[in-house]
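On a predicted model such as this, the values are computed, not experimentally measured, just so you know. Indexing begins at 1, ligand by ligand and atom by atom, following the structure's order. Residues take their numbers from the sequence shown, with the count starting at 1. The analysis underlying the following values was restricted to heavy atoms, covering all of them including side chains, and did not include hydrogens, waters or symmetry mates.
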Amino acid sequence: MGDSRIRLRLRVGGTVQGVGFRPFVYGLASQLGLGGFVLNDSRGVVIEVEGHHSDVEAFTRALIAEPPPLARLECVEKSEVRLRGSDHFDIRASEIDGAVLATITPDVATCAACLEEIRNRSERRYGYAFTNCTNCGPRFTITTGVPYDRARTTMSTFSLCSECRSEYTDPGDRRFHAQPIACPRCGPQLRLVDGHGAPLDGDPLAGSAAALRGGGILAIKGLGGYHLACDATDAVAVAELRRRKGREAKPFAVMVPNLEWACRLAHTGPEETAVLASHRRPILIVARRAETLLADEVAPANRDIGIMLPYTPLHDLLMRSVGHPIVLTSGNLSDEPIAHEDVDALERLGGVADGFLTHDRPVHVRCDDSVVRVVGGREYPIRRSRGYAPEPLEVPVPFARPVLAAGPELKHTFCLGTGNRAILSHHIGDLANWTAMSAFMEGVEHFTRVFDVRAEVVAHDLHPEYLSTKWALGLEDVEAVGVQHHHAHIASCLADNRRAGAVIGLALDGTGYGDDGAIWGCEILTCDSAGYTRAAHLRYVPLPGGAAAVREPWRMAAVYLHAAFGEDACDLGLDFVGRTADRWRPILSMAAAGINAPSTSSAGRLFDAVAALCGLRDRVSYEGQAAAELEQAADPSVAGAYPFPLLDGTLDGAALVGAVAEDLIGGLPVSEVAARFHNGLAEGLRRACEWVREEQGLSTVALSGGSWQNLLLLDRVTRGLESAGFEVLIHRRVPPNDGGVALGQAVIAGSLANAPGG
Ligand code: ZN
Ligand code: ZN
Ligand code: FE
């Protein structure tokens, strides 16, 4: 004891590769005069340190207490080993062996030190768009294999110049073993080409900035693929982008040059600023200011705006040159996945973009921007992708067998489960699209390989027509487990909160296949990750015309009016969105005859019905549009609530809609009607939870499903439940919408695999 010499072996797991961990360890060991080595292997980092007992202890303490900013230590195993007499410290080459447990880190926004370099004329990387270091830069989108090394990234074809090589090999340098290290002499180069791919003369950044300022539409190759960009203050340019992209009304995201601009456009407090400036750099949806320079066409009739800060040197240099906000939206047509390969981008976006700001560093994994909101001062994810994926999520109950969850159909992600980690993929998109389907299959292949997980169980949705279901059922040598959609939502919320016990689940969304074959969507479940009971649900109504009813909210208005008033519905004289009774009578006959009218308890369709009655929306051009507009129409200061009674396990949506119709006929303003509708829904749900609590003694409620993107509903329900003594769990790490479903599927299938004989 005392100050005798010892040698300690440490195995560190977690996010420890590609985050400057080895140079940090080198620096720390050198400072303390310790001998030994550090190396990356496929499970993480192995360290041996030898020296005085007290110095070795100080080393271990500092390692755990002050790791580099991007590192995340999940486990540190220590064991004392035989003294070797080492008096100096080495960084050794990577070792490849057994199971891969190391993590591929998400892409990281440019760090302050790199930003300073590209802005400083005396630096050799001045103005260089591909500057990065161990603390920042591309990771996930350029990685082709593990362990994380330059040879297994899309930088492998660029050979280092002598200056970069000396930085790369100097343990004291910020770029020591920065795998994507590059400089203007040896790294990727920008190019500006016209809409047909012909090169344009001059400096690509200056040319791009001039094109944007002049009202042009540019395709810009970023980290995870191509964006489409135009001047966000130019109404003509934004309208033209909408026309060419085939995107009618769905809001565009905006990139601002800096935080001052963010503050000029939106109401950003300290929490919002922290989220915007975080190294993950998501799009933040936040309340917009009334008077801004932004063109109305950016987010038509919307109180909110999606903004983000530059996250690569390319974006930073471009934004400094443009000097004001630009629209930066996925490089695709309507619902296709974002283009990420150069030839494909030129083909698909050639008719949309006037020019391409591109470069010769390939994107290996297509990855969209992430989208978050701030709720209660903390991040509330809407889309988890660039900057977040594929960071593993710790789950409370380890997977007994490796699991692959095939995910839902829309807002698709998939998930691998192994040990105590769930690896949720980046956003894939709408699987009905072939490009997305192939991105899904390639993604599974890539994740399976780099995370070295060979699934023994595949979880899938119960919907027989989902392409992910069909794909899962076609796999060989794995056990297939069907998981009910809303059960998956609630299990996802539980895992998100690192919880495993039984809860009341309020699963509210547009569509999910029920175990009775109906289309579910407003479900009160009692469940844990092993199973569920449907305690209550919204009373079924017909969905007249199936998919047509999703596109045309007025159909749901007709159905709900009929449910509320019977045959008298046609004589109310209620003329909503220009549709008089004559026009919707045929829909009712069709529903009554049961022609193409499946039963539904969807919450989304209830919102649609009310939005249509309020005259807000006749046809939707994107998913959830009518519900979003109803939320925005509501006056949050209105306190009244419509009745939403619970009778024999069913919530009576017709009572709610009946009250809406009567107030509209009576001339009550839409802002008040919309608010009372939200309040009524919240009160009804709270009473239903109280009833379940009395019956079953559960007092924790988990909220999941796409309807919880409605922050007014989220606020009313959370407050109501909390004041009634419930504990409320909401999403924090994965989205409440279908983007989080795969996590729930994985956890449920994992817990079945855990069960004895399962
Ligand atoms: Zn950096
Ligand atoms: Zn170089
Ligand atoms: Fe859903």
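Annotation: His678 is in aromatic contact with Phe607 [ring centroid separation under 6.0 Å]. Between His486 and Tyr532, the distance from one ring center to the other does not fall under 6.0 angstrom.
Here the angle at the Zn ion (ligand 2) defined by SG in Cys164 and SG in Cys161 stands at 110°, rounded to 10 degrees. When rounded to 10 degrees, the angle formed at the Zn ion (ligand 2) by SG (Cys186) and SG (Cys183) equals 120°. When rounded to 10 degrees, the angle formed at the Zn ion (ligand 1) by SG (Cys114) and SG (Cys136) equals 100°.
With a cut-off of 2.8 Å, the Fe ion (ligand 3) has an N, O or S atom of His485 in range.
A pairwise comparison of heavy atoms in Phe130 and Pro188 identifies CD1-O, 3.4 Å as the closest pair.
For the Fe ion (ligand 3), the nearest N, O or S atom contributed by Asp738 is named OD1. With respect to the Fe ion (ligand 3), Asp509 has OD2 as its nearest N, O or S atom.
In this structure, Arg280 satisfies the cation-pi test against Tyr388, with its NZ or CZ atom closer than 6.0 Å to the six-membered ring centre and inside 45 degrees of the ring normal.
Heavy-atom contacts from other residues, nucleotides or ligands closer than 6.0 Å to CZ of Arg191 number 12 or fewer.
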